[in-house]
Amino acid sequence: MNRTLPRLLAVLAALLVTVPIAPAAAPAQPAAPTLTWSVQPADRHGPDGRRWVERTLDPGQVVTEHLAVRNFSDGSVVFALKAADGYLTDKGRFNMLASDQESVDGGTWIQVQQKVTVGAGETKVVPFTITAPPDATPGDHPAGIAATVTSAGGTVAVESRVGFRVMMRASGTATAAVAISDLTARYRRSWNPFSAGAIEISYTATNDGNVAVTGSGRVTVAGPFGLGRQSAPEVKGEELLPGGSRKVGNRVAGVWALGPLRTRVDVTPVVLGGDQGGADVRPASRTVTVWTVPWPQLGLAALLAVLVLTLRALARQRRRRLGRLIAQAREEGRAQGREATPIGGPPPAS
């Protein structure tokens with residue numbers, strides 16, 4: 001017993017030396033406060049319910065508008081106020097140029113103070129002016145205005161911004177025009193000979209006018225001499241700003257392969273916002289021809305032709321066989337008759 005105790009103490013001492021003791025956990029860093037805010041069109045008293053600002057101005061005209069910045073955070077925040085040219089993304093959402101991109105159009109028409117400090121839970125109204133250049137071209141000049149906060153994430157500065165669009169229209173003739181380009185059509189056949197196929201079309205719609213437009217597109221397909229005419233349901237287009245473009249697709253069902261199929265696309269633009277009267281509306285149309293061969297129907301016709309020829313051949317073979325049987329029966333009947341009455345024999349006994 002006296003020898004065992006010193007050995008146990010030595011083993012415990014060795015374990016304490018070789019096994020490191022884990023340091024106490026460092027206290028968790030407090031989470032960064034969540035920063036949220038909103039920016040809305042306003043009048044001098046506060047938000048006025050508009051989603052964005054729309055103004056029609058004469059060249060050289062100056063107007064004053066307001067925006068309201070509301071800070072939902074627990075502390076005071078200094079927001080930078082910025083305006084820039086507006087555009088639509090590929091998904092049709094409105095956006096404004098980043099801070100490192102230079103505005104050349106509507107963004108240069110807006111002047112606003114550089115910064116505003118908004119306390120926790122507070123809303124501040126800030127005026128801004130819109131000045132149409134003396135040589136402003138008629139039509140839309142979209143822009144955006146936003147309150148931004150820049151935060152440092154490692155070596156990269158991240159700019160977060162919340163704002164709204166400012167749609168400025170210079171007075172003059174509004175031209176609503178959509179150009180159609182890159183029109184393609186493809187025939188999707190059904191291998192069921194009793195079922196029609198479909199035409200799938202794709203094209204690029206470009207706003208060739210000077211105002212924002214939506215519109216409606218109609219696709220019609222017809223064979224030679226208008227045979228088999230079919231139309232797709234009318235499709236309402238998405239918003240397009242001047243100079244903007246978007247890929248459009250459509251499908252016409254119930255189309256039979258009748259050789260050359262003429263596909264026509266008609267687009268009628270509609271002025272978005274502002275005064276519709278007096279606008280120069282220019283519809284557009286394009287056509288493309290697709291050559292089709294009714295292979296399933298030709299295959300069915302060939303199969304039916306083979307079947308008919310086969311049935312006719314069998315019928316002819318059956319008639320010939322029947323004819324041979326009839327001729328053979330007649331010959332056998334004649335032979336039996338000759339055997340029953342011999343020629344030149346002795347007369348029958350009385």
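From a predicted model like this one, the values you see are computed outputs, not experimental measurements. No hydrogens, no waters, no symmetry mates; every other heavy atom, side chains included, goes into these values. Position 1 is the first residue of the sequence, and the numbers go up from there.
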Side chains of [X] and [Y]: does their closest heavy-atom pair fall under 4.5 Å?
X    : Y    : answer
T287 : T289 : no
V118 : S76  : no
P133 : P59  : no
V219 : S231 : no
V265 : L183 : yes
T204 : V248 : no
I199 : L261 : yes
L35  : V77  : yes

Let's go through L67 and V69 carefully: what are the C-alpha distance in whole Å and the side-chain angles of both, what is the deciding distance for side-chain contact (heavy atoms from CB on, under 4.5 Å) to 0.1 Å, and is it a yes or a no? CA-CA 7 Å; L67 62 87; V69 183; 3.4 Å; yes
Mind checking the [atom1]-[atom2] spacing from [X] to [Y]? Nearest 0.5 Å is all I need.
X    : Y    : atom1 : atom2 : result
E331 : Q328 : CD    : CD    : 9.5 Å
W109 : F128 : CH2   : CZ    : 14.0 Å
R55  : T64  : CZ    : OG1   : 8.5 Å
E238 : R93  : CD    : CZ    : 12.5 Å
I130 : L57  : CD1   : CG    : 6.0 Å
W191 : W295 : CH2   : CH2   : 8.5 Å

Could you walk me through whether D266 and T268 pass the side-chain contact (heavy atoms from CB on, under 4.5 Å) test, one step at a time? CA-CA 7 Å; D266 294 283; T268 303; 5.8 Å; no
Taking [Y]'s backbone N and O only, do any of them form a donor-acceptor pair with [X]'s side chain (distance below 3.5 Å, no angle check)?
X    : Y    : result
R165 : M96  : no
N207 : V178 : no
Q336 : G333 : no
K82  : A147 : no
T131 : V62  : no
R282 : G209 : no
E122 : G119 : yes
D85  : S103 : no

Heavy-atom count check: over 12 atoms from other residues, nucleotides or ligands less than 6.0 Å from [X] [atom1]?
X    : atom1 : answer
Q113 : CD    : yes
K236 : NZ    : no
R286 : CZ    : yes
R70  : CZ    : no
R50  : CZ    : yes

Pairing of [X] and [Y] as salt bridge, 4.0 angstrom limit:
X    : Y    : value
E200 : R188 : yes
R169 : D140 : yes
R246 : E239 : no

F94: which other cluster members, linking ILVMFWY side chains closer than 4.5 Å, directly or transitively?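 Same cluster as F94: W52, L88, M167, L241.
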Could you work out the complete set of other residues in the hydrophobic cluster of L307, with links drawn between I, L, V, M, F, W and Y side chains under 4.5 Å apart?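 Listed partners: L311.
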Path from [X] to [Y] over hydrophobic side-chain contacts below 4.5 Å:
X    : Y    : value
Y87  : I110 : no
V162 : V125 : no
V255 : V235 : no
I180 : V281 : no
V221 : V288 : yes

Please list, chain by chain and in numerical order, all residues satisfying side chain to side chain contact (heavy atoms under 4.5 Å, CB included) with Q114, sequence neighbours excluded.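 Expected list: none.
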Considering non-hydrogen atoms only, spot the tightest contact between [X] and [Y] and give its length.
X    : Y    : value
P41  : D48  : O-OD1, 3.1 Å
V252 : A232 : CG2-CB, 3.7 Å
P193 : P296 : CB-O, 3.7 Å
A143 : G107 : CB-N, 3.7 Å
A170 : A136 : CB-CB, 4.1 Å
A146 : R161 : CB-CB, 4.1 Å

For I145 and V112, what are the C-alpha separation, side-chain angles and deciding distance, and is it a side-chain contact (heavy atoms from CB on, under 4.5 Å)? CA-CA 9 Å; I145 189 167; V112 64; 4.2 Å; yes
In sequence, state the C-alpha distance, the side-chain angles, and the governing distance for S73 and N71, and then conclude on side-chain hydrogen bond (donor to acceptor under 3.5 Å, both in side chains). CA-CA 6 Å; S73 309; N71 179 11; 3.1 Å; yes
When you compare the side chains of [X] and [Y], does any donor N or O come within less than 3.5 Å of an acceptor on the partner?
X    : Y    : result
D58  : S171 : yes
H66  : D43  : no
Q230 : T220 : no
N192 : S190 : no

Would you check, one step at a time, whether the test ring-ring contact (aromatic ring centres under 6.0 Å, His included) holds for F72 with W37? CA-CA 5 Å; F72 297 98; W37 69 101; 9.6 Å; no
Looking at T108, D105, N210, which hits side-chain hydrogen bond (donor to acceptor under 3.5 Å, both in side chains) with H141?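 Considering T108, D105, N210, a side-chain hydrogen bond (donor to acceptor under 3.5 Å, both in side chains) with H141 is found only for D105.
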Apply side-chain contact (heavy atoms from CB on, under 4.5 Å) to residues L81 and V126 and explain how you reach the verdict. CA-CA 10 Å; L81 301 178; V126 179; 3.8 Å; yes
